[in-house]
Amino acid sequence: MEKITPRLPSGMRDFLPEELLRRQFVIERVARVFEAFGYEPLQTPVLELEETLLGKYGADAEKLIFHAQHPNGKEKLALRYDLTVPLARAFALHESKLSLPFRRYQIAPVWRAERPQRGRYREFYQCDVDCIGVEGMEADAEVISVAVMALQRLGFSDFAVKLNNRKLLTGIGLYVGLEGPPLADLYRSIDKLDKIGVDGVREELLKSGIAAEPVDRIMALVGSGAELECGYAAARARLAHFRQILSDVPLALEGLAELERVFNYLEASQVPEAMIAFDPSMVRGLGYYTGPIFEAVLLSADPEERVGSLAGGGRYDDLIGLFRKTSLPTVGVSLGIERLIVLMEKRGMYPEPLQRTVVQVLVSVFNEALRPAALRLASQLRLAGLSVEVFAGSAKLGKQLAYADKRGIPLVALLGEDELAAGVVKFKRLRDQHETVCPSAESAQQAQALLCIPQN
RNA sequence: GUGGCCGUGGUGGAGUGGUACCACGUCUGGUUGUGGCCCAGAAGGUCGAGGGUUCGAAACCCUCCGGUCACCCCA
């Protein structure tokens, strides 16, 4: 048979053990934070019925959905595009078995047929935390707190969460006499503020057909502080300023009041004020947001670290209504887990004890006659909870040590004729060449001590 | 979807018209039960694919494929 050159589908990746161990470390750590706030794990199939996904993301996005058809399949299937629509579907389907508020997290791959780019893949992990069924702003503040703590637990401290409200943005549109479709252009242009600057946004708005006078009024509001000002006092002062200017626009006032409440809850939840800011120019792409929106950005001067937002989310009170007679208030946040991993990689943020392999002990085999003794030792160590590899094949001891070193296995058990005769095991810790001999009955304890694993 | 750049042994690179080189990695050895260093040696390449120009192409031209970056969009 002809050999096929091994290739990956475009935009997809293999994760080799060493990298996967680091990814799993990140995923497990954030999952623990989610659970600390009472969020439950949820898993849904990677395939959904087409009808579940179609019509939910807009025409442009819909073209990026992967379709997955079985040759004789009767069902039309597609790979999930995100975790939010499947959540809505799953919740509506299993409502009777769930209670409100329903808090869940899901860390799983999604698929998009986009052109791959740096840090952007066709198969990538999303990490979503959502709370269904709470109308009040305590839910918004809660998911923001979750995101902040997750980022902190991973070791990030130089970031800030920017908050805004879709109602406020729409209100600003009303304030200048815009409504309906032109609002989308307005959002898109404002969103580019930090990228193209005040003048750039002004230019785009004028180009999109908005008259000069309204554009000036928009810029006076949104462009007033292109600099990010963190802290609760600054946020409240700015909210008050907006309240004054937009006093005739009820929708804007509603949005401002919501934000005020979110800030109050965040402060009470001890979210550090250096990590919080009101940013009226922050938009977020997705159309389905209906209330507060938020985005965590890295405060780094390093252009190499400009990877977009670390996390983002908002309230989307209409989404569940897609699968249900009446909708339910819902708010969620998504950690940009792929970006976080890239950053942690770049910054070397993984804790030192994080190993390159799951193997903790390599049991060397001096010769075939001694293999049974090696196997016995290995099973004894495994019963104590250790991950143990017995050297396969035959090689000189030097080779076996070199192998352990290359693999990153921290400890080697040496069990030769002398040790066997004396009823002992010798351990060698590669990191510092430290060698100890102990009675074979105590070998598991000894290994754990050498690996610095606390006893029970 | 549009445009720029790139594609050389497992990996990263040098080589701009005369038939391929470096580093790392891999393997073997430096004899008896101890790795990371050092030394000696070895294996490994249809120079992304196909076509064209030329006496001769990894190099020049065309097409395709793949990668990458920017735009669009987005995590």
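Residue numbers start from 1 in every chain, and the chains themselves are labelled A, B, ... in the order their sequence lines are given, proteins ahead of strands. Since the structure is predicted, the reported quantities are computational estimates derived from the model, not experimental observations.
Comparing rG67(B), rA75(B), rU34(B) by their closest approach to the side chain of Glu114(A) singles out rA75(B).
The same atom, P, is picked in rU53(B) and in rC61(B); the two are 15 Å apart, to the nearest Å. A distance of about 9 Å separates the P atoms of rU46(B) and rG9(B), rounded to the whole Å. Using P as the reference atom, rA58(B) and rG7(B) are 15 Å apart when rounded to the nearest Å. Separating the C1' atom of rG45(B) from that of rU26(B) is a span of 15 Å, rounded to the nearest Å. When the P atom is used for both rC69(B) and rA57(B), the distance is 35 Å, rounded to whole Å. Going from the P atom of rA43(B) to that of rG4(B) covers 44 Å, rounded to whole Å. Look at the C1' atom in both rU19(B) and rC55(B): the space between them is 13 Å, to the nearest Å. Separating the C1' atom of rC22(B) from that of rU8(B) is a span of 12 Å, rounded to the nearest Å.
Shortest non-hydrogen contact noted between Arg80(A) and Ala108(A) is NH2-CB, 3.3 Å. What you find for Arg371(A) and Phe391(A) is that their closest heavy atoms are NH1-O, 3.0 Å. Glu258(A) and Pro292(A) make their closest contact through OE1-CD, 3.5 Å (heavy atoms, listed as atom of the first residue, atom of the second, distance).
Residues Tyr39(A) and Phe34(A) place their aromatic rings such that the two centres sit no closer than 6.0 Å.
Atom OG in Ser394(A) sits 9.5 Å away from atom CG in Asn367(A) (nearest 0.5 Å).
Going from atom CZ of Arg284(A) over to atom P of rC74(B) covers 10 Å, rounded to whole Å. Straight-line distance from the CD atom of Gln106(A) to the P atom of rA75(B): 16 Å, rounded to whole Å. Per the geometry, CG belonging to Asp128(A) stands 10 Å off P belonging to rA75(B), to the nearest Å. Here rA75(B) presents its C1' atom at 11 Å from CZ of Arg13(A), a figure rounded to the nearest Å. Going from atom CG of Asn367(A) over to atom C1' of rU34(B) covers 16 Å, rounded to whole Å. Distance CZ (Phe366(A)) to C1' (rG35(B)): 13 Å, rounded to an integer number of Å. Taking atom CZ of Phe124(A) as the reference point, atom C1' of rC74(B) lies 8 Å away to the nearest angstrom. The nearest whole Å value for the distance from the CD atom in Glu123(A) to the C1' atom in rC74(B) is 17 Å.
With respect to Glu114(A) and Arg122(A), no salt bridge is recorded, no charged nitrogen being found less than 4.0 Å from a carboxylate O. Look at Glu48(A) and Arg89(A) and you find a salt bridge, because one of the NZ, NE, NH1 or NH2 atoms lies within 4.0 Å of a carboxylate O, short of that distance. Between Glu51(A) and Lys76(A) no salt bridge is recorded (no basic side-chain N to carboxylate O distance below 4.0 Å).
Comparing Pro9(A) and Asp405(A) along RNA chain B, the residue whose closest nucleotide (by nearest heavy atom) sits nearer the 5' end is Asp405(A). Comparing Ala402(A) and Tyr121(A) along RNA chain B, the residue whose closest nucleotide (by nearest heavy atom) sits nearer the 5' end is Ala402(A).
Contact annotation for Leu64(A): no contact, since no heavy-atom pair falls under 4.0 Å across all strands. If you check every strand for non-hydrogen atoms under 4.0 Å, Ser364(A) touches nothing.
Side-chain atoms of Glu435(A) and base atoms of rU34(B) include a donor and an acceptor less than 3.5 Å apart. Glu419(A) contributes a side-chain N or O that forms a donor-acceptor pair with the base of rG33(B) under 3.5 Å. Judged by atom type and distance alone, Arg120(A) reaches the base of rC73(B) through a side-chain donor-acceptor pair under 3.5 Å. In this model, a side-chain donor or acceptor of Gln433(A) finds a partner on the base of rG36(B) within 3.5 Å.
If you check rU16(B) for Watson-Crick or wobble pairing at under 3.5 angstrom, you find it has no partner at all. The partner of rG66(B) is rC6(B), judged by Watson-Crick or G-U wobble contacts that both fall below 3.5 Å. rC38(B) is paired with rG30(B) under the criterion used here, namely a Watson-Crick or G-U wobble arrangement in which both key atom distances are under 3.5 Å. Under the Watson-Crick and G-U wobble criteria, each requiring two contacts below 3.5 Å, nucleotide rG1(B) is paired to rC71(B).
The side chain to side chain donor-acceptor pair (under 3.5 Å) test applied to Arg429(A) returns Asp432(A), not counting sequence neighbours.
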Grab the N/O contacts between the protein and nucleotides 27-32 of chain B below 3.5 Å, and write none if there aren't any.
none

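In this structure, Tyr403(A) forms no aromatic stack with the base of rG35(B), since the conditions of centre separation below 5.5 Å and plane angle below 30° are not both met.
Taking 4.0 angstrom as the limit, Ser309(A) places none of its side-chain polar atoms (N or O) nearer than this to OP1 or OP2 of rA75(B).
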Derivation and outcome, ring pair (Phe, Tyr, Trp, His ring centres under 6.0 Å), residues Tyr288(A) and Tyr316(A): CA-CA 6 Å; Tyr288(A) 54 61; Tyr316(A) 43 101; 5.1 Å; yes
